[in-house]
Protein chains: 2
Amino acid sequence: MRPKREWFIERLDLVKTLDDLNAAIFDLRDRFGVDHLIYHSVNSTGEQYAALTYDKAWVDHYVRQDYARLDPVVQGCYRRFHPVDWKQLDWTAKPTRLFLGEAVENGVGNQGYSVPIRGPSGQFALFTINHRANDDSWRLYRDEHLADLILLAHFINQKALEIERGSDAIEVQKLSPREIDALTLLATGMNRAQAADTLAISEHTLRVYIESARFKLGATNTTHAVARALAHGLLVI
Amino acid sequence: MRPKREWFIERLDLVKTLDDLNAAIFDLRDRFGVDHLIYHSVNSTGEQYAALTYDKAWVDHYVRQDYARLDPVVQGCYRRFHPVDWKQLDWTAKPTRLFLGEAVENGVGNQGYSVPIRGPSGQFALFTINHRANDDSWRLYRDEHLADLILLAHFINQKALEIERGSDAIEVQKLSPREIDALTLLATGMNRAQAADTLAISEHTLRVYIESARFKLGATNTTHAVARALAHGLLVI
DNA sequence: TTTCAACTCCCCATAAATGGTGAGGGGGCG
DNA sequence: CGCCCCCTCACCATTTATGGGGAGTTGAAA
C-alpha cells in the first residue's frame, strides 16, 4: 500500500489564501517538471479566477482579445466529459492557427493536457499542464502522471472553492415536487397544455406552480426560471 | 516515484461491456474491503445506468418507491461540488429516517462516502462506497483511500461512458456567436427588449437569432432552446 | 387546535412569443 | 465566381405568457 497522502495534497493543505494558491501553482509546476500549470475557473455568477504560470503580458493580451472564444482548449474541454490531450483538439481553423502561433511566441508549449471540472451550479473549471516536448516523451510523461494530474485538478479546485467560500452546499430556495415537475416538463420542450396533460392537472394549476417556482428562484420570467433551476442542478433533463 | 498505473485502472482496462463492468464492481468491492460499491448515472437524455452490489430486491424496492426523491445521498450530492461523507448529509426528516431504517434492514451499511461526477450535457453520476463500521475506523479508512476513491470514481465513469458510446465529444449543431449571446441574455433573465438593447440590435434581429438557435437545437420553443443550450454546456450564466 | 405549505382550480386584460413571410450586405470557402 | 453562413431589419396575424385578482381541501407540524 502506498503512502496515505500524496505530496501535492500535503502542499495544498498549506494553502490558506488565493495568493498562497498562486505561489503553490509555481511550486507544483516545478515539482511536476512542466513548463506551465494553469487553473482557471468560472463560478455560478460568472466570476472568473485564474492561478497560472504563463507570462502576465500574454495573459492580459489573451483576455483583451477574448481568445477564450476561439481557444480550442477552452472550447473543446467545455464540451467534453473527460481529460483531453491537446493533440485531440481541433486546431485547423485559420483564426485558431493564428492564435496558436501567437501563443507559442509567448512561451506556451506545444504539448498540453487539460482536465475539465464541473460543479452543481454550472461552475466550470479547467486545469491544464503545458510543456515543450516531442510527442513520444510527452506521451510517456502523460501516461506516468495521469492519475496524479486528475487528483491534482480535483484538489486545486477544492482548495480554490474552500478559499472562496466556506462550504460548497448550494443555498437555494427549495422547490416543491410539483414545481420541479412543472419546470422539468417545460425544459424538455413541452408547452403548457402538454405539460398540464402529462401531470393530469389543469393549465391554471400548472401556471400556479410555474409562477411559484419563478418567485422562489428570483426569476423574471419562465425561461429565466428554467435556466436558474438547471444552473442550480434542480432539474434533470 | 510510484508505479505507473493503479491496479484498479488495470482492472478497469479489462472491462469491455456493461456486464464486465458489473462484474468488476464486485471485484473492486472485495479488493477495497467494503460492504458495497455503487456507480449510478443519469445521462443527458435521462436514461439511467447502475452498477452496484446491493441486493437486487432492495434495488427494485428503492426504484419502485422512487426513494431517490428523498435519499439524502442523492439529494445532497446533487447540490454539492465535492465528495461527501454520509455523516455530512441531512438525515433528520422523518421520511428520511424511515427510509434509512429500511435501507439498513436491507443490508446497507451505516457509513458511506459518495463522489458526484458531472458531464458537459448535464449528466450526473454518483460513485459510492458503503460499509458497516464504527466512526473511528471509518475515518481512518476514508483518509487512507481518499485519492484512490476519487480516481476510481473517475475511471469507472469514464469506462461506463466509453462503453455507452465511442467518444465523449458532444455532437451538437454549432450556434453562431450572436445566437449564443441571444440565448445567454435570455437565460440571465432579460426580456427581449432588454437583450436587444444590450446587444445594440433591434428586437426583430434578436428574434432571428433566437429562432435560428431554436431550429439548430431542435427545440420547440425559446424556453426549451435555452434549456438545451444550458444542458449542452453552450451557455455560461 | 391552529397555522402553514402543497396541491388543486378559475377569471379578465394586456403584453409578449410564435407562425409565417419578406429583404440586404459582407466575408469565407470550395 | 458562386454558394453559404452570419449579421442585420421589417411586417401581419394568431397564440401563448404574464399581470393581477379570486378560491378550496388536505396533511403535517408547532
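Everything numeric here is computed off the predicted structure, so don't read it as measured data. Below, chains carry the letters A, B, ... as their sequence lines are ordered, and counting in each starts from 1.
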Give the intermediate values and the outcome of side chain to side chain contact (heavy atoms under 4.5 Å, CB included) for residues Val226(B) and Leu230(B). CA-CA 6 Å; Val226(B) 167; Leu230(B) 283 170; 4.0 Å; yes
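Per the geometry, CG belonging to Asn191(B) stands 11 Å off C1' belonging to dA15(C), to the nearest Å. Regarding Phe215(A), its CZ atom lies at a distance of 14 Å from the C1' atom of dA5(C), rounded to whole Å. Spacing between atom CD1 of Ile210(A) and atom P of dC9(C) amounts to 14 Å, rounded to whole angstrom units. Rounding to whole angstrom units, OH of residue Tyr209(A) and P of dA17(D) are separated by 18 Å. Nucleotide dC10(C) holds its P atom 13 Å from the CG atom of Leu206(A), rounded to whole Å. Going from atom CD of Glu179(A) over to atom P of dA6(C) covers 6 Å, rounded to whole Å. The distance from atom CZ of Arg178(B) to atom C1' of dC6(D) is 11 Å, rounded to the nearest whole Å.
Side-chain proximity of Ser202(A) to the nucleotides dC9(C), dC7(D), dC9(D) is greatest for dC9(C). Of all nucleotides listed (dC7(D), dC9(D), dG19(D)), dG19(D) comes nearest to the side chain of Arg214(A).
Arg207(B) contributes a side-chain N or O that forms a donor-acceptor pair with the base of dG20(C) under 3.5 Å.
Listed pair His204(A) / dC9(C) fails the phosphate criterion, with no side-chain N or O lying under 4.0 Å from OP1 or OP2. Contact annotation: Ser176(B) reaches the phosphate of dC7(D) (side-chain N/O to OP1 or OP2, under 4.0 Å). One finds a side-chain N or O of Lys216(B) lying less than 4.0 angstrom from the OP1 or OP2 phosphate oxygen of dC6(D).
Residue Leu199(A) is the one, among Leu199(A) and Glu211(B), whose nearest nucleotide of DNA chain C lies closer to the 5' end (criterion: closest heavy atom). DNA chain C is contacted by both Ile201(A) and Glu203(B); Ile201(A) maps to the nucleotide lying nearer its 5′ end (nearest heavy atom per residue).
Using a 4.0 Å cut-off between charged nitrogen and carboxylate oxygen, Asp35(A) and Arg29(A) do not count as a salt-bridge pair. Ionic pairing of Asp143(A) and Arg139(A) is not present here: no N-O contact between side-chain nitrogen and carboxylate oxygen is shorter than 4.0 angstrom. Salt bridge Glu211(A)/Arg207(A): present, at least one basic N to carboxylate O contact under 4.0 Å.
Base engagement by Thr205(A) is indicated by at least one non-hydrogen atom pair under 4.0 Å involving a base atom. Contacts of Asn221(A) with the nucleic acid, taken as non-hydrogen atoms under 4.0 Å apart, involve only primed sugar atoms and P, OP1 or OP2. Across all strands shown, Thr222(A) has heavy atoms under 4.0 Å from sugar-phosphate atoms exclusively, and none from any base.
Side-chain contact between Thr128(A) and Val73(A): present, with at least one pair of heavy atoms (C-beta onward) separated by less than 4.5 Å.
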